[in-house]
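Taking it in order: structure first as structure tokens, then the write-up.
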Amino acid sequence: MIDYIEMLGMDRQEVIPYAANNSLGFENFNSLHLTFPFPDLKNQLEDPKIWIGAAGTSTPLHMDSCDNFCYHLLGSKKWIIFSIRDCEYLYLERNSYGTSANPLSEFSTSRLNIDYPDHETFPLFKHAAAFELTLEAGELLYLPYGWAHSVKNLTTSAMINIWFRLDGYIPLLLRKTK
């Protein structure tokens, strides 16, 4: 891990891999003095995942199967987010990546390159409204179920995210409040 982190800071010509979606475990999450905003829901969560990457590394347009909490630890990330209402314009397709881990997964990816959209191949994309934001160290992003997103590291970056378990999952936005 130390070699990888040192490699991120070097001026290199070759592509540096993105250390993405690696299990961190709650014991390591807690050792970073981070807290989950809804402690009574903790037993419904997946293990935290860590994402570490150099400037320019990215995650292409996709939609997760459940609510997502993203704790940004280092650097800056550009998020491009689309409301669940715009999914029909994003050419999202379910794939085996999500369903191999959990058959309940609705994880979907898009072939659409939102940085350089091909409007001839993807004509409906012009109807989608993107929300853009930059997440900085110390910030927390809540991304609701069904909201598609693309993420690009603007600098060397580290983030931890926590998804809800899919077994019996009800998105936070749809839960009844007392």
Output all residues satisfying side-chain hydrogen bond (donor to acceptor under 3.5 Å, both in side chains) with [X], sequence neighbours left out; order by chain, then residue number.
X	value
Asn161	Trp51, Asn68
Thr121	Asp118
Thr59	none
Trp163	Asp64

Decide yes or no for Asp67 and Leu143: does some side-chain heavy atom of the first lie under 4.5 Å from some side-chain heavy atom of the second?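 No, too far: nothing below the 4.5 Å cut-off.
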Side chains of Met159 and Ile50: closer than 4.5 Å at any heavy-atom pair?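 Contact flag for Met159/Ile50 side chains = no.
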Hydrophobic clustering (ILVMFWY, side-chain heavy atoms < 4.5 Å, transitive) - are Leu32 and Leu140 grouped together?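 Yes; tracing contacts between hydrophobic side chains, which count when under 4.5 Å, links both residues.
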Cluster question for you: counting only ILVMFWY and a side-chain heavy-atom cut-off of under 4.5 Å, with indirect links fine, are Tyr142 and Leu45 together?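 The answer is yes; both residues are in one hydrophobic cluster.
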Pairs under 3.5 angstrom only: tabulate donor-acceptor contacts from the side chains of residues 69-77 to other protein residues two or more places apart or in another chain.
unit_1 : atom_1 : unit_2 : atom_2 : d
Tyr71  : OH     : Thr35  : O      : 2.8
His72  : NE2    : Leu74  : O      : 3.0
His72  : NE2    : Gly75  : O      : 3.0
His72  : NE2    : Ser157 : OG     : 3.4
Ser76  : OG     : Glu136 : OE1    : 2.6
Ser76  : OG     : Glu136 : OE2    : 3.3
Lys77  : NZ     : Tyr18  : OH     : 2.8
Lys77  : NZ     : Asn153 : OD1    : 2.7

Of the non-hydrogen atoms in Gly146 and Cys87, which two are nearest, and what is the gap between them?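 The pair with the smallest heavy-atom distance is O-SG, 3.3 Å.
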Which heavy atom in Glu46 sits nearest to a heavy atom in Ile162, and how many Å separate them?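 For Glu46 versus Ile162, the nearest heavy atoms are O-CG2, 3.8 Å.
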What pairs of donor and acceptor atoms, side-chain ones from residues 126-135 against any protein atom, are under 3.5 angstrom apart with sequence neighbours left out?
none

Not counting sequence neighbours, which residues clear salt bridge (Lys or Arg N to Asp or Glu O under 4.0 Å) with Glu120? List them please.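 Here no residue qualifies.
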Got a sec, which residues hit salt bridge (Lys or Arg N to Asp or Glu O under 4.0 Å) with Arg85, two or more places apart in sequence or on another chain?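 Partners of Arg85 by the salt bridge (Lys or Arg N to Asp or Glu O under 4.0 Å) criterion come out as none, since no residue qualifies.
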Provide the full list of salt bridge (Lys or Arg N to Asp or Glu O under 4.0 Å) pairs with a residue in residues 137-164, sequence neighbours left out, each pair given once.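 Residue pairs with at least one partner in residues 137-164: there are none.
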Indicate yes or no for a side-chain donor-acceptor contact from Asp47 to the backbone of Ser23 under 3.5 Å, with no hydrogens or angles considered.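 Checked: no pair found.
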OG of Ser65 to OH of Tyr145: how many Å apart, nearest 0.5 Å?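 So the gap between those two atoms works out to 7.5 Å.
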Connecting only ILVMFWY residues whose side-chain heavy atoms lie within less than 4.5 Å of each other, what is the rest of Ile114's hydrophobic cluster?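 Leu61, Met63, Ile80, Phe82, Tyr89, Leu90, Tyr91, Leu92, Leu112, Phe122, Leu124, Phe125, listed by chain and number.
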